[in-house]
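Written out below as structure tokens is the structure these notes cover.
A note on names: the letters A, B, ... follow the listed sequences, proteins ahead of strands, and every chain is numbered from 1. In what follows, every heavy atom counts, from backbone to side chain, and hydrogens, waters and symmetry copies are set aside.
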There are 2 protein chains.
Amino acid sequence: MRVPELTDLLRRRGMRVTSQRLLIDRALRDHGGHLSAEQVHELVEPSLPGVTQQTVYSTLALLTELGVARRVAAPGASARFEARVDDHHHMVCQRCGAIQDIDARVPVGRAVGAAREAGFVPESANVTVLGLCAACAAD
Amino acid sequence: MRVPELTDLLRRRGMRVTSQRLLIDRALRDHGGHLSAEQVHELVEPSLPGVTQQTVYSTLALLTELGVARRVAAPGASARFEARVDDHHHMVCQRCGAIQDIDARVPVGRAVGAAREAGFVPESANVTVLGLCAACAAD
DNA sequence: CTTTTTGCAAATGATTTGCATTAAC
DNA sequence: GTTAATGCAAATCATTTGCAAAAAG
């Protein structure tokens, strides 16, 4: 059950394998956390001198579309991206915006079923726990 | 189990009871759905000629802080606000951004517990079902 | 060589900020 | 009267768009 190489995914779609795409994918994967587009830019700048923020944006959108990255919406903050695409949940700090993974198994079937009954076509379902992270709670 | 009047909440905090605050709160409540800041502005303009978008923003932030409204983050879209503050979930259309309520009971306790173990102080937890709404799925 | 992708530049959209005026208390 | 809230204007931040140049296949 391993993730297909980005190179393969791109070739299969007739898209081009560029250093920007490979390195942004790798940066996201290596970091392992939840990064804003700007953080990704800062992270890849050293290995991709002159890379623009727009390339980062379009590449992150592409990676998300290809299923090798996921976009996480943080209330009142910029979008965050992560390389984890398996089933998991998130804790979002309402003060500093930090996002952390939660690996608990939650039966979301009822919510998905209710959505389906309302005519929706569900693609994914996950839990967002809002609150304060350890650092912010400590004040 | 009724919601305290906004007037009371404001007075208790020594804040002022203004027509803007009362009417924006009422508009959100009467509409019942999930509105963007701009939609709220359009909705209250007739009864509050000359209200600015900034007043709408600050008032919505205040109502959220007071606990009489909730901010819902839609991935890649502007923030939406709703008057429902009880426990419920959301279905978000990834194409048009529409948000609908889901009233299924989902045991999110495991996720909340895991967050707590990680040092977080949870305030709320809810499920977001991503997918396509009936209209967008029909193409 | 052909077409996609990138970089550059500017535009857009959402939201915030600073300050004088107005309205609550 | 005092002070907080609003309106007005401009600024900021995130993200998107259009087009010529560069790179991939």
Side-chain angles (χ1 to χ4, degrees), chain A residues 5-25 27 34-42 44-45 47-66 69 71-81 94-97 99, chain B residues 5-25 27 34-42 44-45 47-66 69 71-81 94-97 99:
Chain A
E5 289 288 342
L6 175 58
T7 301
D8 296 343
L9 282 170
L10 290 170
R11 290 228 171 95
R12 229 172 280 159
R13 295 207 177 195
M15 305 183 108
R16 298 186 178 172
V17 180
T18 65
S19 53
Q20 287 88 339
R21 287 171 177 175
L22 294 176
L23 287 168
I24 287 171
D25 174 61
H34 307 80
L35 299 167
S36 67
E38 200 185 341
Q39 287 175 312
V40 172
H41 185 243
E42 284 165 13
V44 297
E45 240 280 311
S47 46
L48 283 170
V51 104
T52 61
Q53 190 65 70
Q54 298 91 304
T55 298
V56 173
Y57 271 111
S58 64
T59 303
L60 288 171
L62 176 65
L63 296 178
T64 301
E65 203 184 302
L66 292 175
R71 178 189 298 236
V72 183
S78 55
R80 305 301 165 88
F81 296 84
Q94 294 180 300
R95 190 134 164 277
C96 71
I99 300 178
Chain B
E5 288 289 341
L6 175 57
T7 301
D8 296 343
L9 283 171
L10 290 169
R11 290 228 171 94
R12 230 171 283 159
R13 295 205 178 196
M15 306 184 108
R16 298 185 179 174
V17 180
T18 65
S19 52
Q20 287 87 340
R21 288 172 176 175
L22 294 176
L23 287 168
I24 287 171
D25 174 62
H34 308 80
L35 300 167
S36 66
E38 201 187 340
Q39 288 175 312
V40 173
H41 184 244
E42 284 165 14
V44 296
E45 239 280 312
S47 45
L48 283 170
V51 211
T52 61
Q53 190 66 69
Q54 296 88 311
T55 297
V56 173
Y57 272 110
S58 64
T59 303
L60 288 171
L62 176 65
L63 296 179
T64 301
E65 203 186 301
L66 292 176
R71 176 188 299 235
V72 183
S78 56
R80 306 301 165 90
F81 296 84
Q94 293 180 301
R95 192 135 163 275
C96 71
I99 300 179

#### Entry: salt bridge (charged side-chain N to carboxylate O under 4.0 Å, His left out) partners for Glu65(B), two or more places apart
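Residues passing salt bridge (charged side-chain N to carboxylate O under 4.0 Å, His left out) with Glu65(B): Arg13(B).
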### Query
Among all residues two or more places apart in sequence or in another chain, which pass the salt bridge (charged side-chain N to carboxylate O under 4.0 Å, His left out) test with Arg11(B)?
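In terms of salt bridge (charged side-chain N to carboxylate O under 4.0 Å, His left out), with neighbours along the sequence ignored, Arg11(B) is linked to no residue.
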What is the distance, rounded to the nearest whole Å, between atom [atom1] of [X] and atom [atom2] of [N]?
| X | N | atom1 | atom2 | value |
| --- | --- | --- | --- | --- |
| Leu22(B) | dT6(D) | CG | C1' | 14 Å |
| Gln39(B) | dT15(C) | CD | C1' | 16 Å |
| Leu23(A) | dA23(D) | CG | P | 15 Å |
| His41(A) | dT6(C) | NE2 | P | 13 Å |
| Leu35(B) | dA14(C) | CG | C1' | 16 Å |
| Leu48(A) | dA23(D) | CG | P | 13 Å |
| Leu62(B) | dA4(D) | CG | C1' | 12 Å |

Partners meeting side chain to side chain contact (heavy atoms under 4.5 Å, CB included) with [X] (sequence neighbours left out):
| X | value |
| --- | --- |
| Gln94(A) | Leu130(A), Glu123(B) |
| Arg95(A) | Cys93(A), Leu132(A), Cys136(A), Asp139(A) |
| Thr18(A) | Arg16(A), Gln20(A), Arg21(A) |

Can you see which heavy atom on [X] is nearest to which on [Y], and at what distance?
| X | Y | value |
| --- | --- | --- |
| Val44(B) | Ala27(B) | CG1-CB, 3.6 Å |
| Ser47(B) | Leu23(B) | O-CD1, 4.0 Å |
| Ile99(A) | Ala74(A) | CD1-CB, 4.2 Å |
| Arg71(A) | Ala79(A) | CG-CB, 4.1 Å |
| Arg80(A) | Ser78(A) | NE-O, 3.3 Å |

### Query
Using a cut-off of 4.0 Å between protein heavy atoms and nucleotide atoms, how would you tag nucleotides 19-25 of chain C 5' to 3' with B, S and -?
----BBS
### Summary
Contact string for nucleotides 10-16 of chain D, one letter per nucleotide 5' to 3', B = base within protein heavy-atom range under 4.0 Å, S = sugar-phosphate only, - = neither, reads ----SBB
### Query
Of all the base pairs, Watson-Crick or G-U under 3.5 Å, which form stems of three or more consecutive pairs involving DNA chain D?
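Stems found: C:1-25 with D:1-25.
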### Message
By the side chain to side chain donor-acceptor pair (under 3.5 Å) test, which pairs, at least two apart or in different chains, include something from residues 53-62 of chain B?
### Response
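Checked against side chain to side chain donor-acceptor pair (under 3.5 Å) - neighbours excluded - the pairs reaching residues 53-62 of chain B are Thr52(B)-Thr55(B).
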